[in-house]
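Following: one structure in structure tokens, then a few remarks.
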Protein chains: 2
Amino acid sequence: MRSTSGEPDGRSADDRTTRARIRDAAIARFAREGIAATSVRAVAADAGVAPSHVVHYFRSKAGLRAACDEHVAALLRELQDEAVDAGLQLDPLAGARRTLSGTPVLAYLARTLVEPSPESDALVDQLVADSVRYVKGLEAAGLVRASDHERMRAVLLTFWSLGSLALHRQLERLTGVDMTDPEAHPEALADYAGATLELFGPGLLTPALAQRLQHLFAVPPDGGTAGPHPTGEPT
Amino acid sequence: MRSTSGEPDGRSADDRTTRARIRDAAIARFAREGIAATSVRAVAADAGVAPSHVVHYFRSKAGLRAACDEHVAALLRELQDEAVDAGLQLDPLAGARRTLSGTPVLAYLARTLVEPSPESDALVDQLVADSVRYVKGLEAAGLVRASDHERMRAVLLTFWSLGSLALHRQLERLTGVDMTDPEAHPEALADYAGATLELFGPGLLTPALAQRLQHLFAVPPDGGTAGPHPTGEPT
DNA sequence: CTAATGCTTGAACACTCGTTCAAACGCTGT
DNA sequence: ACAGCGTTTGAACGAGTGTTCAAGCATTAG
């Protein structure tokens, strides 16, 4: 595990081999068991490294956590830029959800949202700022209605996404939809997306778009597999 | 667990003096700092009791946590029944939010939602079941529209409330509204309620009700204190 | 007054945690 | 071959954890 060689990792510039391995192991463990409940030793073991080594790279457990937050923030910023460049999505996190599918990143996000730290606050600030900008773009494109509460609406939509993420375990338990990896159970998605559209559609979407989406979901009310699930809806 | 003596506490039948004091101290601490991050010793100190005493009453820390979950569940069940009896609210949790204002119970709920346990799963199940029943009632009363996804819609509304609760720290940071105690900053509520109504109103409410609520919020878009904030809206 | 019963305690145990530190390892340049 | 240097390690420390246990305290019953 040496120089800038192998491993098709290389997210951003400062990523080094071992350091990145430790960081990713930390993200996975933190995501699975929570940050406070995860020990430095466990992370070290997952990364195949001595415990002392993780604090050699990150000054402390708090430092490790900060590094994870910043890494995830960078990842999401990158994906958000992509999403803006490429076609439109109704959910600023939709792109992230797709490319991060099967990855512990979103589950980590759910954890860090809920265990306060300066870095996670910054992360949320960034997501909200992105969302405000994003929704403004959708409005300009004639996809969502104008609003008397533009900023607040964007904040609420962000928190709808983040809240679903924070409670994803319960949400999956009760609906079968895993916000961390929605494609995992496609059959549950139809009902979920249908209800979401029904709930948010009239208040959020332009009548034209609402109608267009509406009959993509011409599906037996509580029925089985049917229906495509286009990228849409806040979360 | 013996004597049926004093202290005007008596929530439900099994509550005894010291035991209840410990349980309430635990709820407060758990709410403030998280469950995993709270030590039995800290709870004991808050309750003015020796650490060994809390495990004498509850068999373990897990037992204590379970007792807290069950207590909160009972509390919410009770409040839900009241809410159904008394006038209608749009949010099944609205009644709870009002009577539990200034209490750590809702903040505790936010924590327990996010640190899994069998008891907290049961609590969520209960809340969702209540919500399904509740929304069905609202529909029958002609306050909310019919839905093709009745159950899913109720689930989503519940998770809208619970998500806001789970992220209440961030929500307050960014909007000034504290879901744990909304009356604390009434000036922020107007914008929040307005945006919520704008977002959910058309999709959820009956046109008549939507319109009626609408001009309760005839308020300068991002302006200051104005406007009443009737009990309404999902959260 | 004595005995008993349940509430309450302090000290202790076994364990895990985050963190420190000096020593070994492996590679690079000379 | 040697020296140098960043990487990596194992052992250890001190603090804090949940939990156990036998002994004290108070109140009530006989």
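Proteins get letters first, then strands, A, B, ... in listed order; numbering begins at 1 in each.
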Are a donor atom and an acceptor atom from the side chains of A:R169 and A:T180 found within less than 3.5 Å of each other? no

When you measure from every atom of DNA chain C, which of residues 41-53 of chain A have a heavy atom less than 4.0 Å away? A:R41, A:S52

Checking B:S120 against B:D69: is there a side-chain donor and acceptor pair closer than 3.5 Å? no

Angle between ring planes, A:W160 versus B:F200, binned at 30° and 60°: parallel, tilted or perpendicular? perpendicular

So, for A:A31 and A:P104, which heavy atoms are closest and what is the spacing to 0.1 Å? CB-O, 3.6 Å

A:H53 and A:H56 aromatic ring geometry - parallel, tilted or perpendicular at 30°/60° bounds: parallel

About how many Å separate CD of A:E119 and CD of A:E70, when rounded to the nearest 0.5 Å? 6.0 Å

Between A:T112 and A:R65: side-chain donor-acceptor atoms closer than 3.5 Å: yes

Write down the distance between CZ (A:R21) and P (D:dT7), rounded to a whole number of angstrom. 13 Å

Mind calculating the distance between CD1 (B:I22) and P (C:dC7) to the nearest angstrom? 11 Å

List for me each residue that meets side chain to side chain contact (heavy atoms under 4.5 Å, CB included) alongside B:S147, sequence neighbours excluded, and say none if there are none. A:E198, B:H149, B:R153

Starting at NE2 of B:H56 and ending at P of D:dC25, how long is that distance when rounded to a whole Å? 18 Å

Proximity to DNA chain D (any heavy atom under 4.0 Å), residues of residues 57-69 of chain A only: A:Y57

